[in-house]
Amino acid sequence: METLRPLRLDRLAGHLGREVDGDGGFEIEGVAALEEAGPKDLSFVRSARYANRLALSRAGAVIAPSGVSVGLRSAIRSDDPTLDFCRAVSWLLPPRAATPGIHSSAVVAGGAQVDPSASIGPGCTIGSGARIGARSLLHAGVSVYSGVTVGSDCVIHSRTVIGEGVVLGDRVVLHPGVVLGADGFGYVGDGAGGLAKVPQLGGVVIEDDVEIGAGSTVDRGSLGDTRIGRGTKVDNLVQIGHNCSIGEQVIIVAQVGLAGSTTVENGAVLLGQAGAVGHLTIGAGAVVGPQAGVHKDVPPGVRVMGSPHRENRRFRRMMGALTHLPELLQRVRALERRAAASTPPVEGGEH
Amino acid sequence: METLRPLRLDRLAGHLGREVDGDGGFEIEGVAALEEAGPKDLSFVRSARYANRLALSRAGAVIAPSGVSVGLRSAIRSDDPTLDFCRAVSWLLPPRAATPGIHSSAVVAGGAQVDPSASIGPGCTIGSGARIGARSLLHAGVSVYSGVTVGSDCVIHSRTVIGEGVVLGDRVVLHPGVVLGADGFGYVGDGAGGLAKVPQLGGVVIEDDVEIGAGSTVDRGSLGDTRIGRGTKVDNLVQIGHNCSIGEQVIIVAQVGLAGSTTVENGAVLLGQAGAVGHLTIGAGAVVGPQAGVHKDVPPGVRVMGSPHRENRRFRRMMGALTHLPELLQRVRALERRAAASTPPVEGGEH
Amino acid sequence: METLRPLRLDRLAGHLGREVDGDGGFEIEGVAALEEAGPKDLSFVRSARYANRLALSRAGAVIAPSGVSVGLRSAIRSDDPTLDFCRAVSWLLPPRAATPGIHSSAVVAGGAQVDPSASIGPGCTIGSGARIGARSLLHAGVSVYSGVTVGSDCVIHSRTVIGEGVVLGDRVVLHPGVVLGADGFGYVGDGAGGLAKVPQLGGVVIEDDVEIGAGSTVDRGSLGDTRIGRGTKVDNLVQIGHNCSIGEQVIIVAQVGLAGSTTVENGAVLLGQAGAVGHLTIGAGAVVGPQAGVHKDVPPGVRVMGSPHRENRRFRRMMGALTHLPELLQRVRALERRAAASTPPVEGGEH
């Protein structure tokens, strides 16, 4: 599917630190999934469960676990074929280096500092005092407000907006339409039937190697900052409220919503459309199920589901029992009838 | 509400293949809902249930079912007034033809092909190798990445981003802020406590007559494509993950989220805020209720609700029973007390 | 955290109509949360519950309720410290007046009227017939379609899209990526297996002092308008369908979705990720819980939770009972065994 300059299989194996099984001289011309690969493509097999798909595939070479038969194909044998395929692709298809420079249609305010190796696309706007680091790439139409810091080797896709005072580390990837640093959502009654806005003066700090999906929003802190820790990955259309503190290597799947001042510790996983009401902590390594509604702290390592959330096993037992509830109602009715029938009328009043 | 060049009612009726009841010479000057229509406007009545609203309306003419009294108004009689009103409006108010040409502030890369009849608005950016078909209209600030194909007669609204290699058919409508072709969300452990990105190299294929609502996101495939079939309609803020395969004439309401590799077959309907966990199939003509959580295949034609989802009738019975649960607890307690009272103490140990 | 030109505490107290406790000559140089404030900063204490945090704070001055000990600090005593802090900040840090004028890279169509005191940022596009009021600020890349009206003193952030015929009142704030006036979502069967689009010809009316969060979408009416009343606040990634009518001072938290023709009366509160199926009314002052699914009218002042929604107390009782359900199943089984054991076999057939 993706074509590349041919590369010998044995050279790739050497790069991965793995052994070749078959013809090391096979020239890789593309990478593809098993179903779509052709005789010049490299593909991969996760485990023996995919043996049937492999048998039907036209792939010329595969990365496969040692136990799995690859027929006449050339193979790289690997303990972790998925990871090695990821590594192979990032080596075979390195991200294109952007052409350094500022497009003539971009508008860079006085006092902004753009590294000469950075690439600023058409229609980008860079506010006063902003700094763009080495080799960072801003696609067309990115809006950078005043005082923003973008680190090195970042990739900022089209139509992203980076609000006042946001700080990005290095190698941060923002997909199209992301909004960082908009005002948080806070109001108090103004004593006259109206609403007064709570000041939203804080910043957003995004650490190194964070990736944020299309259309997601991360609000600036009210006082103090909203933070996303190193290596955390955020999917599309996620809302992260003001003063949230997200740890490192956290996974946040699409359409999750975190109300203000939620703390998510390192390595936690939040599945799609889950929500948290704010001012609580989701512990390290915890897993929050899809559509779960987190209403109080989740201890480290615990898996929860449901809205309101419960520990997984408890939730599953409840849902299993719920399945039997309509019939349980009938069974209780039967017991009541039986009890009524077996009770001598004169004793009825005593109960 | 919308004014137009006057048109005689009988001419419209002829176009719709319907009969006029009353004055065919009535000149239609606008279209509006019953509540807002004036004496020169055309409105419509769905069914006899709206007779009261019609009686109060100032509309000069209506499209109405044959049974319904329209008073002194002129009417077009129709078996399907809603559809005929839709057809009437699209005939009376045809989409404005855009002025062909490329705005001077747009940036079109070398090697991009823009049909001379297409209209490219201010601030649009068109990447290298992209192709824009006949009469397609790109509103201000659309970002088209390299290698994109846009068919004929498409309408792409402001600030939409179309990522690398996305292919649009003909008559596709994208509302503002749509993002097509951002990276899918996939990571694997890198064996060193970090996360390695799974390659996201595939494309997005949007077939003819698809419409996608404001702010929705459709990710590119990992390997292979994400597809949306002919005539499918997607509402606002919907997330469609990588390698999803959406059939034809599917309806996907706002804020639905589909995790990667979800298959949705022709004619299925997904109501607002529903989600699916991915790697499953929602069958042809199935209906997924609002906020439902689809966790395994939904057979064709089946209607499901709830999170986790259940077949509608089962879900309703469960919810009905749940209403009685607090009181059921008390009834069981009463049965237990009665049983305890009726059991001779000496036999207690035997049970 | 935010620095400002120094101001004496007693002058601020006078402005707030409050008394100083301690050194009125204290010069305020910044505002910050208790945890982050330094000796030249003003902070605030909500209530006696924050006394410990205050004791540990380095804040030089605070706004505090009269009962709370502030140590050696200067204080402004207040019945409502949060509100007074909000008022203090908006007085100390007034929104920057934008530089009037139209940036040279903006594209303003013939027939558009831009007040000379308005500020139109780089890359903005203003359609024909649009009007931009006094002192309104459009950040970079805002797209204003034809016939739009923007009132006075509005702040429209980057990459927002304001569709055809939308009308904004005064002091409206739109955060980045908002989309107003995209087509509503309505289709009818076309009698030939396809879908015909229901006309989307109405407008959007946003009254004074409304604030809408990043990435939220408000669709234009089908026939008639979608309305958001004075002073209402909408958080990020909210979807408001066509012909919704939202009252005044309503609070709508992130990721809420309202299907078409939902009415929300004054002062109602909709918490995060809640949804409503449309064509229903959420009464004045009602509170809809997070992730709730509103499927029929909610009376004024009533609080609801759950999907499908129920009145709060009822929902809590149901959820409490649900917790006991697995064990209830066992208890009923025990009762059945006991009943079976106590029933003479010959009578079994009679029941």
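Bear in mind that the values here come from a model prediction, so they are computed numbers and not experimental data. Here is how names work: the chains are called A, B, and so on, in the same order as the sequence lines, proteins then strands, and each is numbered from 1. Atoms considered below: every heavy atom in the structure, side chains included; atoms not considered: hydrogens, waters and symmetry mates.
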Checklist entry - Has the side chain of Gln255(B) got a donor or acceptor atom that lies under 3.5 Å from a matching backbone atom of Val256(C)? => result yes
Next on the checklist: Quick check on Val142(C) against chain B: is it the side chain, the backbone, both or neither that has a heavy atom closer than 4.5 Å?
Outcome noted: backbone
Item to check | Shortest non-hydrogen separation from Phe185(C) to Lys233(B) and the atoms involved | outcome: CZ-O, 3.5 Å
Checklist entry - In Å, rounded to the nearest 0.5 Å, how long is the span from CZ of Phe44(B) to CG of Leu223(C)? => result 6.5 Å
Checklist outcome for this item: Comparing Asp80(B), Leu329(B), Leu271(B) against chain C, the one with the most heavy-atom pairs below 4.5 Å turns out to be Leu329(B)
Checklist entry - Taking Val188(C), Leu335(C), Thr160(C), Asp190(C) one by one, which has the highest count of heavy-atom pairs under 4.5 Å against chain B? => result Leu335(C)
Item to check | Part of Arg316(B) within contact of chain C (heavy atom distance under 4.5 Å) | outcome: neither
Checklist entry - In terms of heavy-atom proximity below 4.5 Å to chain B, should Leu322(C) be classed as side chain, backbone, both, or neither? => result both
Checklist entry - If you count heavy-atom pairs under 4.5 Å between each of Thr323(B), Val234(B), Asp209(B), Thr82(B) and chain C, which one has the most? => result Thr323(B)
Checklist entry - Checking heavy atoms, do the side chain of Val89(B), its backbone, both or neither come under 4.5 Å from chain C? => result side chain
Next on the checklist: How long is the straight-line distance from CG of Leu325(B) back to CG of Leu325(C), given to the nearest 0.5 Å?
Outcome noted: 5.5 Å
Checklist entry - Is the shortest heavy-atom distance from the side chain of Val107(C) to the side chain of His103(B) under 4.5 Å? => result yes
Item to check | Closest-packed option against chain B by number of heavy-atom pairs under 4.5 Å, given Ala182(C), Ser143(C), Gly165(C) | outcome: Ser143(C)
Item to check | Side chain / backbone / both / neither for Ala106(C) at chain B, heavy atoms under 4.5 Å | outcome: neither
Next on the checklist: Test your reading of the model: is there a side-chain donor-acceptor pair from Arg159(B) to the backbone of Val179(C), 3.5 Å cut-off?
Outcome noted: no
Item to check | Per-residue contact mode, Val178(C) against chain B (heavy atom under 4.5 angstrom) | outcome: neither
Item to check | Smallest separation among heavy atoms of Ser158(B) and Tyr145(C), with atom names | outcome: N-OH, 3.1 Å
Checklist outcome for this item: Thr125(C) and Pro122(B) have their tightest heavy-atom pair at CG2-CB, 3.7 Å
Checklist outcome for this item: Taken to the nearest 0.5 Å, the spacing of Leu237(C) CG from Asn236(B) CG works out to 11.5 Å
Checklist entry - Should we say atom CZ of Arg331(C) is surrounded by more than 12 heavy atoms from elsewhere, each under 6.0 Å from it? => result yes
Checklist entry - His157(B), Gln273(B), Glu248(B): which one forms the most heavy-atom pairs within less than 4.5 Å of chain C? => result Gln273(B)
Checklist entry - Has Arg171(B) got more than 12 heavy atoms of other residues, nucleotides or ligands less than 6.0 Å from its CZ? => result yes
Checklist entry - If you measure from CG on Leu328(B) to NE2 on His324(C), what distance do you get to the nearest 0.5 Å? => result 12.5 Å
Checklist entry - Any side-chain heavy-atom pair from Arg310(C) and Met319(B) closer than 4.5 angstrom? => result yes
Checklist outcome for this item: Closest non-hydrogen contact found for Cys86(B) with Val198(C) is SG-CA, 3.5 Å
Item to check | Residue, of Val238(C), Asp183(C), Val277(C), that accumulates the most heavy atom pairs under 4.5 Å with chain B | outcome: Asp183(C)
Checklist entry - How long is the gap from CG on Asp235(B) to OG1 on Thr217(C), to the nearest 0.5 Å? => result 7.5 Å
Item to check | Residue part contacting chain C, namely of Val253(B), when any heavy atom lies under 4.5 Å | outcome: both
Checklist entry - When only pairs under 4.5 Å are counted, which of Met305(B), Glu336(B), Glu35(B) shares the most heavy-atom pairs with chain C? => result Glu336(B)
Next on the checklist: With chain B as the partner, which of Gly257(C), Gly215(C), Gly127(C), Ala334(C) has the greatest number of non-hydrogen pairs under 4.5 Å?
Outcome noted: Gly257(C)
Checklist entry - Quick one: are Ile251(B) and Leu195(C) in side-chain contact, heavy atoms under 4.5 Å? => result yes
Item to check | Closest non-hydrogen atom pair between Arg317(C) and Pro326(B), with its separation | outcome: NH2-CB, 3.2 Å
Checklist entry - At a heavy-atom separation under 4.5 Å, does Leu34(B) approach chain C through its side chain, its backbone, both, or neither? => result neither
Item to check | Gln291(B) side-chain N/O to Ala292(C) backbone N/O, donor-acceptor pair under 3.5 Å | outcome: yes
Checklist entry - Taking every heavy-atom pair that is under 4.5 Å apart, which of Gly123(C), Gly275(C), Ala196(C) has the most such pairs with chain B? => result Gly275(C)
Item to check | Where Lys197(C) and Glu211(B) come nearest, the two heavy atoms and their spacing | outcome: NZ-OE2, 2.5 Å
Checklist entry - Hey, are the side chains of His175(B) and Asp219(C) touching, using non-hydrogen atoms and a 4.5 Å cut-off? => result no
Checklist outcome for this item: Okay, Ser43(B) and chain C: the region with an atom under 4.5 Å from a heavy atom over there is neither
